[in-house]
Amino acid sequence: MSQKIGILGGTFNPIHYGHLAAAEEVRDRLKLDRVLFIPSFQPPHKRENNVPAAVHRMEMVRLATAGNQSFDPSDIEIKRGGRSYTIDTIEALRGSYPGADLYFITGLDSFLEIQTWNRWERLLTLCTFVVLSRPGSRFADLLKIDFMQAAQKQVMKLDHGELIHADFRAGAFELYLELIPLYDISSTDIRTRVKEGRSIKYLLPEAVETYIIKHKLYA
Ligand code: ATP
Ligand code: MG
């Protein structure tokens, strides 16, 4: 059987339990052999001017994934430099893992922007997208994307909790829609909390919290 590899890309500014719990849920459901956590070097879609150096975000991903044998941090986008386009990463991973099935994991909020991603149509043919529920978004929001309109019945069932998984095909695209336990955690909220001197305990691994304090990130 071919290897099954999950890929979670993000700014990871910082990585938190929302990322980790969601990735573990997908690994378990899809029986993935491993999940790669790939911090972007320069996120094409984010305009924040306070994104800490990639080395910090990478180190926090390393600390956070150390306790799971199936989770691997990857510095492929940081090493490549420049704007981090997922298509370039997927094409490189196809070279590194010939014959593997690649599953690109995103939250609903990110996937809703898919048509703005570089070469998105090609990207959708190269890997299976796994789109996860996330507080603040509904699966029905996907119906705004023209190629998702045939998913109407499935998205309604997911939003009503009548389904937890749906497999959707549109032409050469294959997507999995996954209703997962909701984790109302975001990096934005964690950064705000640090700035305001509020607690971030239990939102992210302790080692990451310690790293943030030690390096005075987000203060
Ligand atoms: P920010 O608030 O800075 O955007 P974030 O918490 O959204 O940070 P990202 O690094 O932007 O984290 O997210 C990387 C990927 O993980 C995205 O596809 C995002 O949708 C997904 N993701 C992040 N947090 C969650 C969560 N709590 N539940 C489900 N998916 C999540
Ligand atoms: Mg985000």
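When a ligand or atom number is given, it counts from 1 through the structure's own listing order. Residues: numbered from 1 along the sequence shown.
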With heavy-atom distances below 4.0 Å as the criterion, list the atoms of ligand 1 near [X].
X    : value
R191 : 3 (O)
H16  : 6 (O), 24 (N)
S133 : 29 (C)
G9   : 14 (C), 15 (C)
G18  : 27 (N)
G10  : 10 (O), 14 (C)
S110 : 17 (C), 18 (O), 19 (C), 20 (O)
Y183 : 26 (C), 27 (N)

Test item: side-chain donor near acceptor, R191 and T188, under 3.5 Å: yes
Looking only at side chains, do Y183 and H16 share a donor and an acceptor under 3.5 Å apart? no
Taking the six-membered ring for Trp, are W120 and F129 ring centroids under 6.0 Å apart? no
Over 60° means perpendicular and under 30° means parallel, so tell me whether F147 and F173 are parallel, tilted or perpendicular. perpendicular
Before signing off on this row, confirm whether [X] and ligand 1 have an N or O atom pair separated by under 3.5 Å.
X    : value
G107 : yes
D109 : yes
S186 : no
N13  : no
T106 : no
I185 : yes

Under the criterion side chain to side chain contact (heavy atoms under 4.5 Å, CB included), which of N68, I105, I15 is the partner of F37? I15
Pairwise side chain to side chain donor-acceptor pair (under 3.5 Å) hits with a residue in residues 143-163, at least two apart: Q115-D146
Quick one: CZ on R80 to OH on Y85, what's the gap to the nearest 0.5 Å? 10.5 Å
Can you check whether Q42's main-chain N or O pairs, donor with acceptor, with S84's side chain at less than 3.5 Å? yes
Any non-hydrogen atom of P135 lying under 4.0 Å from ligand 1? no
Just to check, does A21 reach to within less than 4.0 Å of ligand 1 when the distance is taken from its heavy atoms? no
Salt-bridge criterion met for R62 and E59 (N-O under 4.0 Å): yes
Taking salt bridge (Lys or Arg N to Asp or Glu O under 4.0 Å) as the definition, give me every residue that meets it alongside D72, ordered by chain and number, with sequence neighbours left out. R34
